[in-house]
Structure formats: structure tokens, C-alpha cells
Number of protein chains: 2
Amino acid sequence: MAEREQERESDTRSRILDVAERLVQTRGFNGFSYADIAAEVRVTRASLHYHFAGKAELGEALITRYTRRFTDALAAVDESAVDAPTRLDAYVGLYADVLRGQRMCLCGMLAAEFETLPKPMQDAVIRFFDESEAWLESVLEEGRQEGALQFAEPASEVARLIVSSLEGAMLLARPYGDALRFQTAASRLVASLARAAE
Amino acid sequence: MAEREQERESDTRSRILDVAERLVQTRGFNGFSYADIAAEVRVTRASLHYHFAGKAELGEALITRYTRRFTDALAAVDESAVDAPTRLDAYVGLYADVLRGQRMCLCGMLAAEFETLPKPMQDAVIRFFDESEAWLESVLEEGRQEGALQFAEPASEVARLIVSSLEGAMLLARPYGDALRFQTAASRLVASLARAAE
DNA sequence: GTCTATAACGAGATAGAC
DNA sequence: GTCTATCTCGTTATAGAC
């Protein structure tokens with residue numbers, strides 16, 4: 001079991017992705033350079049170009065990996081969590097985890113810089129949000145049918161509201177260095193849907 | 001009435017600010033250069049340095065002007081609008097106006113790039129949100145006392161929720177090229193507070 | 001796969017003429 | 001106030017040795 005499928009990602013390659021991911025999430029795609037990554041990974045800039053032809057390709061790989069991990073996490077939530085409100089909490093928890101690492105959501109950051117991104121990166125960012133909203137929508141629908149969630153609007157609208165509110169809460173929490181800012185907003189958001197007690 | 005106080009802003013200086021403001025709002029502070037501004041204003045980069053010593057000083061001036069205009073607009077709302085719900089709608093309208101120009105909120109954009117900004121710019125960004133939230137908080141308090149608005153949490157918390165939700169809705173609306181995305185989220189947000197009919 | 005070396009360009013910034 | 005000219009540095013990227 002030495003060389004399995006997971007190991008298509010060489011050690012260096014994944015270390016590059018790890019460092020670059022953090023740099024995008026903290027400084028933005030236009031806020032760092034290959035030199036920054038090289039210094040931290042302790043390879044030369046030329047080596048980076050061996051693994052990723054250019055910054056655009058690196059960016060694509062970052063979004064792809066981030067999206068896969070995110071949807072994997074959502075699938076794990078589906079397997080373990082039973083009711084819709086618990087799944088919603090778990091969804092919020094994924095965002096809180098990112099923020100705990102002093103980071104902005106990768107795709108939220110890229111949404112701000114959207115206009116400056118190469119087309120393939122733009123498309124990948126949109127896919128992230130589409131998948132995220134699709135998952136939320138199904139959870140919301142299910143919760144409404146079970147009577148555990150309550151809302152008047154179409155589930156797709158509420159899903160969009162949740163995504164944008166969480167992204168906005170992350171966006172503001174970082175400048176204030178205040179994760180509580182996020183938690184308060186997120187709690188109120190979820191509470192406004194979970195009205196099973198009424 | 002030829003040279004009055006308003007004219008301390010020379011024509012060129014304000015044209016530079018206008019172009020730079022749009023560039024920050026659409027591409028981010030790290031997404032444009034002095035060359036971009038110079039080309040549009042039709043002056044040389046050296047001329048830009050005459051008006052603003054460096055990009056950092058230009059950035060500060062941008063936030064200061066943006067904040068002043070914003071607070072002026074809020075003061076105008078206070079003068080014309082009577083009840084709290086109407087003022088809230090007017091507040092949302094200010095954001096909608098920005099988005100209509102295909103732009104992100106200046107300070108929302110800078111919040112994303114916060115870590116890369118010089119300290120004076122960071123401080124100015126925080127001041128913008130502080131002032132915005134303070135205004136909202138007083139409107140919320142007033143609305144609650146009048147019975148026109150209803151919410152359980154401290155007004156300061158709800159104010160933060162509103163700001164971050166609106167910023168997030170703008171953030172996501174732009175990649176999707178969909179202003180309706182913003183309007184839907186904003187309407188639900190305001191509606192969840194205005195429960196005078198219950 | 002990683003390196004050195006270098007190309008080629010763009011960035012912010014300054015000096016000094018007009 | 002605006003210009004030309006220039007500087008210095010950072011940036012992405014490539015060629016080719018090891």
C-alpha cells in the first residue's frame with residue numbers, strides 16, 4: 001500500500017497547495033507571489049513552475065481541491081447527522097472552522113477579486129457556490145417537510161441568503177479580529193429558521 | 001462664488017479619486033496600478049504622485065471620502081425619512097445603488113484585502129464600519145421603542161448582522177452578475193425585523 | 001524534481017525641466 | 001501642475017544544467 005491513488009499528489013505539490021491556500025485566504029489572490037510560496041516551502045520559484053505552469057493553474061487547482069474537500073465534508077454531514085437543523089449547524093461549523101484558522105473562505109475571497117481572475121478560476125468559484133447552495137437547498141426542503149424548519153420563501157432563496165450572510169459575517173469578522181462577531185450572526189440566522197418550538 | 005471650500009479638491013485630484021475608487025471597488029486595492037489610473041485620467045504616473053504621495057495615501061483619501069459621503073447620505077436619510085423601517089429601507093438602498101454601478105462596497109472590498117493594507121487604511125476601514133453600525137443601532141433602538149421594529153437581541157448585534165449580511169450579499173451578487181440576488185436577501189433581512197403587523 | 005541564471009516586464013517612486 | 005527620464009525592485013516565466 002505504498003503508492004496508492006491518494007499519492008498522485010506528491011509531497012511537494014501538496015505543500016505548495018497548502019501554503020498557497022493559506023495565502024489566498026488571508027491576503028487574496030493578488031496579494032501574494034510565487035516568491036512568497038517558494039520561501040515558505042523552501043524550494044525555488046522555478047520548482048513551483050514545474051508543479052504548476054503558472055499562477056492561474058495554481059489558482060484552479062486550489063479551488064478544485066477546496067471545493068472537493070468542502071463537498072466531502074458535506075457528504076460526511078449527510079452520513080452522520082440526522083435532522084435538518086443539526087445539518088445546518090454542521091454547515092455553519094464548517095465556516096467557523098475556517099475562520100478559527102484566521103482565514104476567509106477561499107471562494108469568498110476570490111469572489112471579491114472575481115473581476116481580476118482568469119476565466120477558468122471564475123468558473124470554478126461559481127461552481128463552489130452552486131454546489132454549496134444546492135446542498136443547503138435540499139437540507140432546507142427536507143427540514144421544511146419534516147416540520148423542523150420554517151420559512152416562507154423558496155428554499156433556493158433561503159439557501160442563497162444563508163451563504164451570503166455567512167460569507168459576509170466572515171468578511172467582517174476578520175478585520176475586527178473577532179470570531180464572536182461571526183458566531184452571533186450565524187446563530188441568529190439559523191435560529192430564524194428553526195422554529196419547531198412555535 | 002468662484003473659489004469656495006468645496007474647490008479645495010482640484011479637478012484632476014477628484015478625477016483621480018473617481019477613477020481609483022471605481023478600480024478598488026471592482027478589482028480590489030491590489031488589483032490595479034498607478035498606470036491604470038494614469039491611462040484613464042490621461043495624465044502621467046508622475047502627476048499622480050504630485051497629488052498623492054503614494055498608493056497608501058491615495059487609499060486613505062479614498063476611504064475618507066467614501067466614508068464622508070456615506071455618513072452624509074445617512075444624515076440626509078435622518079432628515080427626510082420619518083420612521084425607522086423607512087430609514088432601514090433607505091440604508092439598504094444605499095447599498096443597492098453601489099451594486100447597481102457594478103461595484104462592491106469600497107470598504108467591503110478592503111475588508112477582504114485587510115491584511116495587506118497599510119495600517120492607516122486598516123484603521124479607516126474599521127471607522128467606516130463602526131460609524132455605519134452606530135447609525136444602524138440608533139435606528140434599530142428607535143424603531144423598537146416606537147414598536148415599528150421587533151427583535152430580541154441587543155440592537156448592536158442586529159446592526160452588525162445587517163451590515164455583514166448586506167456586505168455578503170453584495171460580495172456574491174457580483175460574480176453572478178445578479179443584482180436580484182442582493183435584493184432578495186436584503187428584503188428578507190428587513191422583513192424579519194419589521195413585524196409591526198403581528 | 002530541483003536547481004542557477006536570466007529574460008522580460010510591470011510596479012511604485014523620484015529628480016528635475018518646463 | 002504636468003511632463004520626460006530614470007531608478008530600483010518585485011513579478012511571472014523560461015532555458016538548461018544537475
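Per chain, numbering begins at 1; letters A, B, ... match sequence-line order. Below, each value reflects all heavy atoms present in this structure, side chains not excepted, and no hydrogens, waters or symmetry copies. The model shown is predicted, which means the values in this text are computed figures rather than measured ones.
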For this session: State whether a side-chain donor-acceptor pair under 3.5 Å links B/Thr86 with B/Asp83.
Result: yes
Check this for me: does any side-chain nitrogen of one of [X] and [Y] sit under 4.0 Å from a carboxylate oxygen of the other?
X        : Y        : result
A/Arg15  : A/Asp11  : yes
B/Glu153 : A/Arg188 : yes
A/Asp130 : A/Arg127 : no

Are any of [X]'s side-chain N or O atoms less than 4.0 Å away from OP1 or OP2 of [N]?
X       : N      : answer
A/Thr44 : C/dC3  : yes
A/Tyr34 : D/dT12 : no
A/Ser33 : D/dT11 : yes
B/Tyr50 : D/dG1  : yes
B/His51 : D/dT2  : yes
A/Thr12 : C/dT2  : yes

Specify the separation, in whole Å, of atom [atom1] of [X] and atom [atom2] of [N].
X       : N      : atom1 : atom2 : value
A/Phe52 : D/dT14 : CZ    : C1'   : 18 Å
B/Glu57 : C/dA13 : CD    : C1'   : 11 Å
A/Phe32 : C/dA11 : CZ    : P     : 17 Å
A/His49 : C/dT6  : NE2   : P     : 17 Å
A/Arg45 : D/dG10 : CZ    : C1'   : 9 Å
B/Asn30 : D/dT11 : CG    : P     : 11 Å
B/Asp36 : C/dA11 : CG    : P     : 6 Å
B/Leu58 : C/dA11 : CG    : C1'   : 15 Å

For this session: Please work out whether the ring planes of A/His49 and A/Tyr34 are parallel, tilted or perpendicular, with thresholds of 30° and 60°.
Result: tilted
Problem set entry | Residue whose nearest DNA chain D nucleotide is more 5′ - A/Ala35 or A/Ala46 | A/Ala35
